[in-house]
Amino acid sequence: MATNRTFTMLKPDALESGNTGKIIDLILSKGFQIKAMKFTVLTEAQAKEFYIEHAERPFYGELVEYMTSGPIIAAILEKDNAVADFRALIGATDPAEAAEGTIRKLYAESKGRNAVHGSDSDESAAREGVFHFAANEIF
Ligand code: IDP
Ligand code: MG
């Protein structure tokens, strides 16, 4: 995947609270283009593998349970400086620490149920995009 791309998931709490339309609209309004998108439910094996870097953290079990608790929307986004600009748009992991106007400040419930994922590097974006999408599902 090109380095002007990032990967995102709208997490189960965002779908439960009915905020997906507003979140996608905000993402598009900031100049990101959607290059792949799907509605899916992660299996336990998929959630464990996706978050494998956190396997030793105390919240790993809770994270896997939450991420498999309902549907998500996965997407690949394109924009200049996509990874850093998208991390800025989503805000800090904990909504209590997220800046005004960020997606997590606006829509996250808690540090765990925080509405949205954004890749933390070009390498992660490439891995995560391929994890969720086949080549012919990416525009
Ligand atoms: P990030 O999503 O901002 O990159 P990470 O530290 O990579 O944050 O953590 C991945 C995800 O794990 C977070 O988005 C959040 O859903 C969950 N998480 C992180 N820290 C905690 C915690 O202290 N308690 C519960 N869940 C957490
Ligand atoms: Mg992270």
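Both counts, for ligands and for their atoms, begin at 1 and track the order of listing. FYI, the numbering just counts along the sequence from 1. All of these numbers come straight from a predicted model, not from anything done at the bench.
- Both the sub-6.0 Å distance and the 45° axial angle are not jointly satisfied by R5 relative to the ring of F32.
- Atom CD of E137 is surrounded by more than 12 heavy atoms from other residues, nucleotides or ligands within 6.0 Å.
- Looking at R104 and E97, no side-chain N of the basic residue comes within less than 4.0 Å of a carboxylate O on the acidic one, giving no salt bridge.
- In M9, neither the side chain nor the backbone holds a heavy atom less than 4.0 Å from any atom of ligand 1.
- Looking only at heavy atoms of the protein, atom 17 (C) of ligand 1 is closest to L63 CD1, 3.8 Å.
- Protein heavy atom closest to atom 7 (O) of ligand 1, with residue, atom name and distance, is H54 NE2, 2.9 Å.
- Within 6.0 Å of atom NZ in K30, 12 or fewer heavy atoms from other residues, nucleotides or ligands are found, so the atom counts as exposed in its surroundings.
- Using a 4.0 Å cut-off between heavy atoms, K11 contacts ligand 1 through its side chain alone, with no backbone atom that close.
- Not close to ligand 1: D120, with no non-hydrogen atom less than 4.0 angstrom away.
- Cation-pi geometry between K35 and F139 is not met: the NZ or CZ atom fails to fall both under 6.0 Å from the ring centre and inside 45° of the normal.
- Nearest non-hydrogen protein atom to atom 16 (O) of ligand 1 is G112 O, 2.8 Å.
- The closest protein non-hydrogen atom to atom 4 (O) of ligand 1 is R87 NH1, 2.9 Å.
- For the residue pair E128 and S119, a side-chain donor N or O sits within less than 3.5 Å of a side-chain acceptor on the partner.
- At a heavy-atom distance under 4.0 Å, only side-chain atoms of E62, from C-beta outward, approach ligand 1.
- Ranking protein heavy atoms by distance to atom 2 (O) of ligand 1, first place goes to R104 NH2, 3.0 Å.
- Taking all heavy atoms of V64, T93, N114 into account, the minimum distance to atom 1 (P) of ligand 1 is reached by T93.
- In M67, neither the side chain nor the backbone holds a heavy atom less than 4.0 Å from any atom of ligand 1.
- Between the Y51 side chain and the M67 main chain, no donor and acceptor come within less than 3.5 Å of each other.
- A donor-acceptor contact closer than 3.5 angstrom is absent between the side chains of K79 and N4.
- When F50, Y51, F59 are checked for heavy-atom proximity to atom 24 (N) of ligand 1, F59 turns out nearest.
- A donor and an acceptor atom, one from each side chain of Y107 and N114, are nowhere located under 3.5 Å apart.
- In this structure, the protein non-hydrogen atom closest to atom 15 (C) of ligand 1 is K111 O, 3.3 Å.
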